[in-house]
2 protein chains.
Amino acid sequence: MTVTIYDVAREAGVSMATVSRVVNNNPNVKPQTRKKVFEAIERLGYRPNAVARGLASKKTTTVGVVIPDISNAIFAEVARGIEDIANMYHYNIILCNADKKKEKEIRVVNTLLEKQVDGLLFMGGTVTEEHVQAFKTSSVPVVLCATTDEKKEFPSVDIDHEKAAYDAVETLIAKGHRSIAMICGNLQDLSNGYARYQGYKKALENHGIALREEYVRVGNYRYESGMEIMEYFLGLREKPTAVFSATDEMAIGAIHKLQDHGLKVPEDISVISVDNTRMATMVRPQLAAVAQPMYDIGAVSMRLLTKLMKNEKVEDNIVVLPHELIMRNSVQDRS
Amino acid sequence: MTVTIYDVAREAGVSMATVSRVVNNNPNVKPQTRKKVFEAIERLGYRPNAVARGLASKKTTTVGVVIPDISNAIFAEVARGIEDIANMYHYNIILCNADKKKEKEIRVVNTLLEKQVDGLLFMGGTVTEEHVQAFKTSSVPVVLCATTDEKKEFPSVDIDHEKAAYDAVETLIAKGHRSIAMICGNLQDLSNGYARYQGYKKALENHGIALREEYVRVGNYRYESGMEIMEYFLGLREKPTAVFSATDEMAIGAIHKLQDHGLKVPEDISVISVDNTRMATMVRPQLAAVAQPMYDIGAVSMRLLTKLMKNEKVEDNIVVLPHELIMRNSVQDRS
DNA sequence: CTGTTAGCGCGTTCAC
DNA sequence: GTGAACGCGCTAACAG
């Protein structure tokens, strides 16, 4: 039923070794025989079996990607970067959502390894000791993408989340704001939760502004969450004059909550965030944000992985990509 | 170096067939031997090689997904539905972006087939005769997801795009609008381009409203495109009183362009679209839209594919999921 | 319940 | 420049 390399060999009147050479672009084949083989392939509609090839060669040209949630715009953009570079180097991607659930993450890492992927990209989750153990059983390279492990044992590509948050808050301070509230992510979440909160804290500290407990609330990254927390801030006796959100989506929720209350952004309250997803330009006022280069994080981490898979020398295993403040109309001087 | 089923067999003092049985949960193994084998597996850190298994069993428990662009919110949501159901049935997903480029689509279909996927999900592109030919060379089932082929030769899961557009436009008409402009998608694009335009046309026709050439402009699905086209409509001598957009993102661009001109939505101009992405609730005013059940399209198509892969009887190969009008504040009566 | 024996389709020496 | 033969790690009959 299915046509194999052997059928092609017979049809072309050569051995299967020769067919293999032709298919794999091995130069040691006379042009004429090459032609014969190609014709036989065409005639028979032969399609090489990558599974058999993988078994024989111990390479699958496939990499595993574990992602928190592909329907999240941030991760989707990172994934796009990964896929583009993978494609460029002729790798395919096995994509697994793991929802930042440790058990699921470790489970998919194992099934990916069973599938003999040539490399693994672990994206955006918190890396615990258990993760480290799982990664260490891997015989193929692992790259952390949009996250890092505490001990920096593994190659990774990410931004400096704390510094990004720091810069966002400092921007507010430079504009004269002293009452700055923060909409946080989950503090168990090292990168966009804890680290961004730390950046907020340090920026206040370094500028002699006292941290006020009631100015910090933890959200779940969703739009609605931003609205609810903004509602809470508006109920405070001393309202903040500016709000720093750990993510765009919550920031936009906050902006709309303000507008729903008849308040003006940025005249009454300024809003800034970290991320700079496409949505940031799709609100009025447009959202100022510290931009995280999502596509690049994906692309660079995949590029790094290809080098690791080829055993190429890499100078720097831990890459920290730059972030950048994108000023827009949601922030204004506090005069 | 790598530990195989044979090593485990020796360690446990059984044959490799027995190891294979316990690994595959074959009931025909004495509990005690099963235990011995598990211990040996544990001791050796054995991990089954799915590639070898795939070669022997001719099943990879992997399905290929060709997607236009994973960073597009619509497709990402569909992909999430696919992945969830795949995961439920213990399949993994090889994801390939193809940007709606025919050559690339056909190329990835072929590499996916070479990788011996157990099934193929083709998402969101236009299905040409060449696609049909490519699909026909497949020995595994193919399901079209969020698209269909003209001749309905292949199983598919989609909504009725024409009817969805029709319903949106009719809603406007029912509210008293007669000057209704449309921001289209690419007309080569069968589903969200051509079909939605047809729906617009028929709705006008059936209600005795003449189609005006200057009221129809083709966009590229992006926010900016919606803005530009709205700008154009505003330059018309007779401005429309309502705008129907083929997608959310362009609709939101249109809304913001109106607001930038100091016009009010919906007081001055109403806006409605098809899609109902999460963004639709993240604008002010919130965007009325005919909802397309994206997650479900993915989930149902993957479910259908699992049935096909198991050679189960399926009553209906062509499933058309219902759409639904979600009325929000971007539309108002024309009084 | 368990072991033996063939392949699965291909890459890769090693001769010729 | 080309062919023969082996093995990759596992599943699937078939015996026993």
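The sequence lines fix the lettering, A, B, ..., with proteins before strands; numbering per chain opens at 1.
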(request) Have a look at V14(A) and say if it touches a base, only the backbone sugar-phosphate, or nothing, with a 4.0 Å heavy-atom cut-off. (result) sugar-phosphate
(request) Would you indicate what T4(B) reaches in the nucleic acid, counting non-hydrogen atoms under 4.0 angstrom: base, sugar-phosphate, or nothing? (result) sugar-phosphate
What nucleotide, of [options], holds the atom closest to the side chain of [X]?
X	options	value
S15(A)	dG3(D), dT11(D), dG11(C)	dG3(D)
T33(B)	dG11(C), dC1(C), dT4(C)	dC1(C)
N28(A)	dA13(D), dT2(D), dC10(C)	dT2(D)
K30(B)	dT2(C), dC10(C), dG3(C)	dT2(C)
K58(B)	dG9(C), dT2(D), dA12(D)	dG9(C)

(request) Could you pull out the closest heavy-atom pair between E105(B) and A98(B), with the gap in Å? (result) CG-CB, 3.5 Å
(request) Might you point out which heavy atoms bring L144(A) and T147(A) nearest each other, and give the distance in Å? (result) CB-O, 3.5 Å
Answer yes when [X] and [Y] have at least one side-chain N-carboxylate O distance shorter than 4.0 Å, and no when they do not.
X	Y	value
E103(B)	R107(B)	no
R43(B)	D7(B)	no
D69(B)	K100(B)	no

[X] [atom1] to [N] [atom2], straight-line distance once rounded to whole Å:
X	N	atom1	atom2	result
Q116(A)	dG9(C)	CD	P	19 Å
Y6(A)	dA5(D)	OH	P	11 Å
L55(B)	dC10(C)	CG	P	9 Å
R21(B)	dT4(C)	CZ	C1'	11 Å
R10(A)	dT2(D)	CZ	P	20 Å
I5(A)	dT12(C)	CD1	P	11 Å
M16(A)	dT13(C)	CE	C1'	13 Å
Q32(B)	dT2(C)	CD	P	9 Å

Please confirm whether the shortest side-chain N or O distance from [X] to OP1 or OP2 of [N] is below 4.0 Å.
X	N	result
T2(A)	dG9(C)	yes
T18(A)	dT2(D)	no
S20(A)	dG11(C)	yes

(request) By nearest nucleotide on DNA chain D, pick out whichever of N24(B) and P27(A) is the more 5' one. (result) P27(A)
